[in-house]
Amino acid sequence: MDIVVSGIRPTGKLHLGNYFGALKSFVRMQETNNCFFFIADYHSLTTHPTPADLHGNVKNVLVEFLASGLDPEKSTIYIQSDLPEVAELYLLLNMNAYIGELERCTSFKEKIRQNPQNVNAGLLTYPTLMASDIIIHKAQKVPVGKDQEQHLEMTRTFANRFNRLYKVDYFPEPVAYTFDEELVKIPGLDGSLKMSKSDSENNAIFLADDPAVIRKKVMRAVTDTGPVDPGKPKSQPVENLFSLLKTLSTPDIYSHFEEEYSKGTIRYGDMKKQLAEDIIRFNEPFRNRINQLSADNDYLKKTVKLGAEKAHESALKTIREVREIIGFKEF
Ligand code: ADP
Ligand code: TRP
C-alpha cells in the first residue's frame, strides 16, 4: 500500500468545491492506500495569525471530513498541531531551504501582493512546513489541486537535497496523485472560475448550508441577459451554472436545459430553481451528519486522540531516523 498524505487549512467551512475537488477522492483512496489526512492549523496561521475561533474552525473541518466519509479506522485523521515532530522537521528542513527559492514561490508572491502588511517568515517558509507534513510520513503520493503543484515540486527538492547532503537514500520523492479520474473543478456562483471560501459570500455553497440558504444563494447567482446566437459560446456565469448542473443533477435534466439554451427559450430562473433543489438533495445527508457529529464531542475527542496516536507513531520513527542521519546523538 502506498502512503498518501494531504491536508486542508481550517480557514472556513468546506464547500462543494472542496468536496468534489478533494474530499470525494480522499474517501475513495482510503480503501487502497495508507492515508494520512490532516487539518493544517499551523498553516492557517501564516495568513490568519489571530483567528477569531481557531478551535471552532478546526472542529468544523474535522466534522466535515467525517461527514464526507473519511473513516478514522481506515485512515489516519489528525490535527497538524498535535504532531510536534512536524514542527521539528520543519526547523531542520529550514536549515537547508534557501531564501531565494522560497521568495520565488508563486503563492508567496501572490500572498504578499494581496497582504503587503503581513509578510511574515511563516508565509515565506510555508513550503518547508508543507514538505514536512508530507515527508514526515515518507509519503509517495499527495492528492492536491493544480495550485499546489509548485509546493509539491519544492517538497521533492527538499527531500532530494536532504538525501544528497547527508548521503542517504532516505526520503522518497512524493508525486501528485489523481485518483482514477480527473478532479472536477467547481466554479463559483458569482461568475468566477472557482468556488472558493475566500471570495464573495455568495460564491460558495457550503456542505453545512441549509435549504433556505442554498435557495437564496443559487437564485442570486450571476447570469446574463439571455442566450445570444446559437453556437456562440456561453458567457462564463452561465457556463458555470451548466457545469454545476452537470455535476449535481441528472443527465436528463442537464440535456433538457442545454436544449432550451440552444433553442433560445431557456429561463434562467427555472434552471436555478432546479439546480437549487438538486444541490439541496445532494447536501441533505451531509448536513444531517454534520449536525449529528457536531453535537457528539465524545466521538470527536476519541477520533482526534486515535488520529494523533497513529500519526505520532509514524512521525516519531521518521524524526528519530532523521536526527540520527544528521548526527544528533544521545549522551
Ligand atoms: P479555498 O479556495 O476555498 O480556500 P482551499 O484552497 O482551502 O479552498 O482548498 C482545499 C482543497 O479543495 C484543495 O485540495 C483544493 O484543490 C480543493 N478545491 C478548492 N476549491 C475547489 C474548487 N472550486 N473546485 C475543485 N477543487 C477545489
Ligand atoms: N497547502 C495546501 C492547500 O492550501 C494545504 C496543505 C498543507 C497540504 N500541508 C499539506 C496539502 C500537505 C497536501 C500535503 O491546499
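In this chain, residues are counted from 1 in sequence order. All values derive from a computational prediction rather than experimental measurement. Just so you know, ligand 1 is whichever comes first in the structure, and atom 1 is the first atom listed for that ligand. The figures that follow rest on heavy atoms only: side chains count, while hydrogens, waters and symmetry mates do not.
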List, ordered by chain and residue number, the protein residues whose closest non-hydrogen atom lies under 4.0 Å from any atom of ligand 1.
->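 Its neighbours under 4.0 Å (heavy atoms only) are Arg9, His15, Gly17, Asn18, Gly21, Ala22, Gly145, Val184, Lys185, Ile186, Lys194, Met195, Ser196, Lys197, given by chain and number.
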
Run the salt bridge (charged side-chain N to carboxylate O under 4.0 Å, His left out) check on Arg320 and Glu324 step by step: do they pass?
-> CA-CA 6 Å; Arg320 282 202 180 117; Glu324 197 180 312; over 6 Å; no

Pair Arg215-Glu277, salt bridge (charged side-chain N to carboxylate O under 4.0 Å, His left out): steps then yes or no = CA-CA 8 Å; Arg215 279 192 197 103; Glu277 294 316 307; 2.8 Å; yes

When His137 is tested against each of Tyr78, Phe171, Phe37 for ring pair (Phe, Tyr, Trp, His ring centres under 6.0 Å), which residue passes?
->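 Checked Tyr78, Phe171, Phe37 against His137; only one passes ring pair (Phe, Tyr, Trp, His ring centres under 6.0 Å): Tyr78.
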
Passing candidate, ring pair (Phe, Tyr, Trp, His ring centres under 6.0 Å) with His43, options Phe38, Tyr90, Tyr126 | Tyr126

Cation over ring, Arg28 on Phe26, under 6.0 Å and within 45°?
-> no

Within a radius of less than 6.0 Å around CG of Asp53, do more than 12 heavy atoms belonging to other residues, nucleotides or ligands occur?
->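 Counting neighbours around CG of Asp53, more than 12 heavy atoms of other residues, nucleotides or ligands fall under 6.0 Å, so yes.
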
Is it true that atom CD of Glu31 has more than 12 heavy atoms of other residues, nucleotides or ligands lying nearer than 6.0 Å?
->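 Counting other residues, nucleotides and ligands, CD of Glu31 exceeds 12 neighbours.
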
Please tabulate, line by line, the atom pairs linking an N/O of ligand 2 to a protein N/O at a distance below 3.5 Å, with the distance in Å to 0.1, or answer 'none'.
{"from": "ligand 2", "atom 1": "1 (N)", "to": "Tyr126", "atom 2": "OH", "distance (Å)": "2.7"}
{"from": "ligand 2", "atom 1": "1 (N)", "to": "Gln148", "atom 2": "OE1", "distance (Å)": "2.9"}
{"from": "ligand 2", "atom 1": "4 (O)", "to": "Arg9", "atom 2": "NE", "distance (Å)": "3.1"}
{"from": "ligand 2", "atom 1": "4 (O)", "to": "Arg9", "atom 2": "NH2", "distance (Å)": "3.3"}
{"from": "ligand 2", "atom 1": "4 (O)", "to": "Tyr126", "atom 2": "OH", "distance (Å)": "3.3"}
{"from": "ligand 2", "atom 1": "4 (O)", "to": "Gln148", "atom 2": "NE2", "distance (Å)": "3.4"}
{"from": "ligand 2", "atom 1": "9 (N)", "to": "Asp133", "atom 2": "OD2", "distance (Å)": "2.8"}

Going hydrophobic residue to hydrophobic residue with side-chain gaps under 4.5 angstrom, can you get from Ile205 over to Tyr254?
->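 Yes, it is one cluster - the side chains of Ile205 and Tyr254 are joined through contacts under 4.5 Å.
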
Report the C-alpha separation of Arg281 and Asp278 in whole Å, then their side-chain angles, then the decisive distance to 0.1 Å, and conclude whether the salt bridge (charged side-chain N to carboxylate O under 4.0 Å, His left out) test is met.
-> CA-CA 5 Å; Arg281 194 174 30 76; Asp278 289 328; 2.8 Å; yes

